[in-house]
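Have a look at the structure below before the remarks.
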Amino acid sequence: MLRLSSLILERDSKSTGSKQFQNNYETLDFSEKETSGGIPIFLFTFLHWSGFVEGSDKKAKHRFSPRIFDILLFLTCADVTVSTVINSGNVHKKLIAAYISCPIVSAIVWYEMRRKRKLITLLLQNAPMVNSSFYEKVINFAVFINYFISLLVTVVLISTVSDPIYLTFFTYGYELKNIWILSVIGILKGSLYYMLYPCVTNIITIFYISLCWSCSVDLNNLVTDIAKYTPEEFEHSKQLDILKRKAKICRHLQSIQTVFSVPMFLIIVANFLMCSSMLGGVLINVKFVEDDMIFIVYFVNAILCVITALWVAGSVPVQMSRFLEAFHQTTHERLLYYHTTEELHIKMDLFNEPDFVLTGCNILPFRRITILTVIGTLLTYTVLVVNTN
């Protein structure tokens, strides 16, 4: 009976949410505060300008900026692919294929996120508020560092190149007599390359992390609230209130799964391939440029992106287990000492629910143990592929 009631409640909630969204969409009556939900301001600014939010078409500048981003990203994707192929020389073809796939996958992820604008808008409108300055500061700092490094790394690398021949990578192998023009082209193209990958994939990962983090905080708050009650105080009405809040979090998690299942799987694949190409280059002593700093940056970024995403997303099943344990312990003591057998159906319905784990395309489970699996797979298959003729 409880499960039937929750299903009806969920259906009515989805129906009401869809009607409300349709009304907002038709009138274009979006306010940034309403749409952003609990998303930190730096991150929401990117979502607003990139066109990931449906209501951002309200202003002319928000109508044109997504189109500009689209054109720049896809032109940059084509440019970096052609430049890499032309300048690959005798480099192992498997490494080149892995390297080129990263910006291509990044462009696909961008398109996939733009295609889900309506779902993202609903997700933001229903996002839970996190009353934590630490949460907001960490997310805003991550967004700032992501964009700052995209400019800093390119400028530092171009300015430290002593042999101009390495800058011909950006001019399809043609040498220019004016070194300053070559440097400017290198800085501009290098910044666009870094913006395409890994800047785009990083910002989407930060968005995903912020949503998973907020859900983990909400689940942790439920555990804290359960701990405040004694078995005697944790009566039927309070149990239902806790379970309603938990059902709301689960609906939000399901929305996150719907939006990010494919993009996050592709992002992890792209970072996996980048790490593989870097490790493969080390194994066969490939030296693409004068300085290896750029490859160190790419490798560190890729491995941190994968680890952070899996760690934060993996906190959801951890917090869910803590919630079930706390609920079970309190209701079990209530049953032993107060013989509340009429409440057993609530507990049975809760513990008969399947475990919820965020996944990538229902292929890769986002658990913390998956970090070790990914690292082990990376090392094993990189060595096998590089050593296979």
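Numbering starts at 1 and runs along the sequence shown.
- When all heavy atoms of Ser276 and Leu378 are compared, the closest pair comes out as N-CD1, 3.6 Å.
- Cluster membership for Leu192 and Leu196, using ILVMFWY side-chain heavy atoms within less than 4.5 angstrom, is not shared.
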Which is it for Phe327 and Phe234 under the ring pair (Phe, Tyr, Trp, His ring centres under 6.0 Å) test, yes or no, and what are the steps along the way?
CA-CA 10 Å; Phe327 193 92; Phe234 199 50; 5.5 Å; yes
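- Across Arg367 and Pro317, no two heavy atoms sit closer than the pair NH1-CB, 3.9 Å.
- Other residues, nucleotides and ligands contribute more than 12 heavy atoms inside 6.0 Å of the OH atom of Tyr172.
- Across all non-hydrogen atoms, the minimal contact from Phe170 to Lys189 is O-NZ, 2.8 Å.
- Salt bridge Glu325/Arg322: absent, no basic N to carboxylate O contact under 4.0 Å.
- Linking ILVMFWY residues whenever their side-chain heavy atoms come closer than 4.5 Å, directly or via other members, places Met264 and Val262 in the same cluster.
- Taking the six-membered ring where the residue is Trp, Tyr208 and Phe260 present tilted rings, their angle falling between 30° and 60°.
- Phe74 CZ: more than 12 foreign heavy atoms inside a 6.0 Å radius.
- Looking at every heavy atom in both residues, Ala309 comes nearest to Thr205 through CB-CG2, 3.9 Å.
- Atom CG of Leu358 and atom SG of Cys215 lie 8.0 Å apart (nearest 0.5 Å).
- Atom-to-atom distance recorded for Leu119:CG and Arg117:CZ is 12.0 Å, nearest 0.5 angstrom.
- When the side chains of ILVMFWY residues are joined at heavy-atom separations under 4.5 Å, either directly or via intervening members, Met113 and Ile71 end up in two distinct hydrophobic clusters.
- Taken from CG in Asn221 to CZ in Arg245, the straight-line distance is 7.0 Å, to the nearest 0.5 Å.
- Cation-pi check for Lys246 over Phe356 is not met; the charged atom does not lie both under 6.0 angstrom from the ring centroid and within 45 degrees of its normal.
- Hydrophobic clustering (ILVMFWY, side-chain heavy atoms < 4.5 Å, transitive): Ile139 and Phe144 are in one cluster.
- Rounding to the nearest 0.5 angstrom, the gap separating the CG atom in Leu310 from the CG atom in Leu364 is 6.5 Å.
- Remark: Arg334 CZ is packed, more than 12 non-hydrogen atoms of other residues, nucleotides or ligands lying under 6.0 Å away.
- Both Ile39 and Ile145 belong to a common hydrophobic cluster when Ile, Leu, Val, Met, Phe, Trp and Tyr are linked at side-chain heavy-atom distances under 4.5 angstrom.
- Around atom CZ of Phe42, no more than 12 heavy atoms belonging to other residues, nucleotides or ligands sit under 6.0 Å away.
- Residue Asn146 forms a side chain to side chain donor-acceptor pair (under 3.5 Å) with just one option from Asn202, Thr201, Asn301, and that option is Asn202.
- More than 12 heavy atoms of other residues, nucleotides or ligands sit less than 6.0 Å from atom CG of Asn178.
- One distance of note links OH of Tyr99 with CE of Met274; it measures 5.5 Å at 0.5 Å rounding.
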Please evaluate residues Leu73 and Tyr111 with respect to the criterion side chain to side chain contact (heavy atoms under 4.5 Å, CB included), reporting the C-alpha separation (whole Å), side-chain torsions for both, the decisive distance (0.1 Å), and the verdict.
CA-CA 10 Å; Leu73 285 176; Tyr111 169 77; over 6 Å; no
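- In this structure, Tyr197 and Tyr298 have parallel ring planes: the angle between them is below the 30° cut-off, well short of the 60° mark.
- Asp241 and Lys238 are not joined by a salt bridge, as no carboxylate oxygen comes within less than 4.0 angstrom of a charged side-chain nitrogen.
- With Tyr193 as the partner, the side chain to side chain donor-acceptor pair (under 3.5 Å) test is satisfied by one option alone out of Thr154, Thr84, Asp79: Asp79.
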In sequence, state the C-alpha distance, the side-chain angles, and the governing distance for Phe207 and Phe52, and then conclude on side chain to side chain contact (heavy atoms under 4.5 Å, CB included).
CA-CA 11 Å; Phe207 182 25; Phe52 289 170; 5.7 Å; no
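- Residues Phe299 and Leu279 approach most closely at CE1-CG, 3.8 Å, considering heavy atoms.
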I would like to know whether Ile226 and Phe323 meet side chain to side chain contact (heavy atoms under 4.5 Å, CB included); could you show each step before the answer?
CA-CA 9 Å; Ile226 292 175; Phe323 167 80; 3.7 Å; yes
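- When all heavy atoms of Pro263 and Val259 are compared, the closest pair comes out as CD-O, 3.4 Å.
- The number of heavy atoms from other shown groups lying within 6.0 Å of CD (Glu175) does not exceed 12.
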